[in-house]
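Residue indices begin at 1 and follow the sequence shown. Just so it is clear, the structure is predicted and the values come from calculations on it, not from any experiment.
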Amino acid sequence: MKLKGDQTTARAMNRRLILNLLRREGPRSRADIATVIGLSPAAVTFVVSDLLEEGIVTEGKAVPGPAGRRPIPVEINYEHSLAVGFKLMVDSVECVATDLATNPVAAMRVGLSGHDPDVVADLLAATVPELVKLAGRPKARLAGIGISMPGVINHEQTACVRSHRFKWDNVPLAALVASRVHVPVWLEDDTNAYAIAQQLFGLGRQHRNMAVLAVGVGISCALVIDGKLYRGANGAAGKFGHTLYEENGRLCECGKRGCLMAYHSELSMLRRWREATGSSEELGLPQLCEALASGDTTATALVADSGRGIGTALANLVNITDPEVIVAGGEAVSLGDAFLTPLREALSARTFRTAPPLLPDWEDNSWARGAAALVTQKIFDFESSGGVTDIATLGVRGSTSAA
């Protein structure tokens, strides 16, 4: 005799299998779903009926064929709900509202005047109704809020264990925001969230093993292994920028010396460029891109050196984890071939087998969409029982003076 709990677990697993098949492959008939997944037609019909009732899937039109009426296809209703994503940066927050496929329907950026956790939570809570109003879908439902930030994140407690840039230790940011806005809230490391978005709907959609490299203010590399994001024992996996590059070298933000990101992050490249040119001006990424375009030899040599340095370190990771593909994102991707070609060459020269393809992500809003993907992932994983909230009844509690 099967227990009720066993039946509930089986339904949840079947639901996840069906939703992920439709996500990867698009519309399918019930009979196709049963054949591909290996479930009984009755089990598929049962789950699809639930999904139809919830509005998460819809039925398409039956197309006449030579043998008569064809089965009715079922597809995901990506417009069923909105997801809100916040990408926290040191001085600002990228904000986006997306559909369930993480396609942006509204985006904005707000300034961040300080890092006090309550001030940050107030700002995010006050921004939610502004963002969903901008989306122009008053009858839509809000599935939840995803927040991504640089740091070590306790995934189970949705708390920031440590963030050097925000100077936070054990801050329950998700709970702080949830206490102000009546929707489920999830928190994740920014590169991990970005990797989730790439896995669900991006360049890694068809891959179960991939590395997701991010080169911006810092350097990190998230790993998806056998279809699952690898967080490590303490949520600190992927801190690729803190691998050793030079013994007793430059001081890193973590307090140690010689880390890879102390030399080859976007900020470190800009710092080294200013040192090499002796410039007292505040040179930024746009100026570095202009210098590369004009053939500046100092800029070209420095960016190539960073590409080789990261590619060499990345080869070590590839030799250990053997990903199918590497997705590259972050501000440094805008440096183009001057950065990516030396990176690919160093990677290829030092991998044990043929180096996996490195695919640059040029999409706008990718990082905020990554935060929104935290919400979408819960729908496809069926890990959350938080449900959805009508936007018309969305409430904000607490002070909004930070908005």
Could you tell me whether a side-chain N or O of [X] sits under 3.5 Å from a main-chain N or O of [Y], the two making a donor and an acceptor?
| X | Y | answer |
| --- | --- | --- |
| T341 | A338 | no |
| S163 | P150 | yes |
| W186 | K378 | no |
| S294 | A291 | yes |
| N319 | R350 | yes |

For salt bridge (Lys or Arg N to Asp or Glu O under 4.0 Å), just list the numbers for E275 and R250, CA-CA rounded to whole Å, side-chain angles, deciding distance to a tenth of an Å, and then say yes or no. CA-CA 13 Å; E275 292 172 358; R250 290 174 179 259; 2.8 Å; yes

Please find the pair of heavy atoms, one from N14 and one from A43, that lie closest to each other, and give the distance.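 That closest heavy-atom pairing would be ND2-CB, 4.3 Å.
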
Going by side chain to side chain contact (heavy atoms under 4.5 Å, CB included), R162 matches just one of V171, D169, N154, N170. Which one?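 Exactly one candidate clears the test, D169.
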
Residues, nucleotides or ligands: over 12 heavy atoms within 6.0 Å of E79 CD: no

Looking at N234, I want to see if its CG is surrounded by more than 12 non-hydrogen atoms of other residues, nucleotides or ligands under 6.0 Å. no

Could you check whether R15 pairs with D50 (Lys NZ or Arg NE/NH1/NH2 to Asp/Glu carboxylate O, under 4.0 Å)?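 No salt bridge links R15 with D50.
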
Going by an N to O cut-off under 4.0 Å, is there a salt bridge joining R353 and D322?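 Salt bridge absent between R353 and D322.
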
Would you please classify the geometry between the Y245 ring and the H264 ring as parallel, tilted or perpendicular, with 30° and 60° separating the classes?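 If you compare the ring of H264 with that of Y245, the planes turn out perpendicular.
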
Please work out whether the ring planes of Y78 and F201 are parallel, tilted or perpendicular, with thresholds of 30° and 60°.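 Y78 vs F201 ring planes: perpendicular.
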
Start with the C-alpha gap between D122 and R180, add the side-chain angles, then the distance that decides, and say whether salt bridge (Lys or Arg N to Asp or Glu O under 4.0 Å) holds. CA-CA 8 Å; D122 284 342; R180 292 159 167 81; 2.5 Å; yes

Would R11 pass as a cation-pi partner of F46, given that its NZ or CZ must be under 6.0 Å from the six-membered ring centre and within 45 degrees of the axis? no

Any pair counted as side chain to side chain donor-acceptor pair (under 3.5 Å), so long as it reaches residues 205-231, sequence neighbours left out: H155-R231, E188-R231, T191-S220, H207-E324

Side chain to side chain donor-acceptor pair (under 3.5 Å) between Y263 and D305, intermediate numbers included: CA-CA 10 Å; Y263 291 82; D305 180 62; over 6 Å; no

Audit row: S265, S268, side chain to side chain donor-acceptor pair (under 3.5 Å) steps and yes/no: CA-CA 5 Å; S265 70; S268 297; 3.0 Å; yes

Show your reasoning for whether side chain to side chain donor-acceptor pair (under 3.5 Å) applies to T102 and R369. CA-CA 6 Å; T102 71; R369 288 176 64 193; 3.2 Å; yes

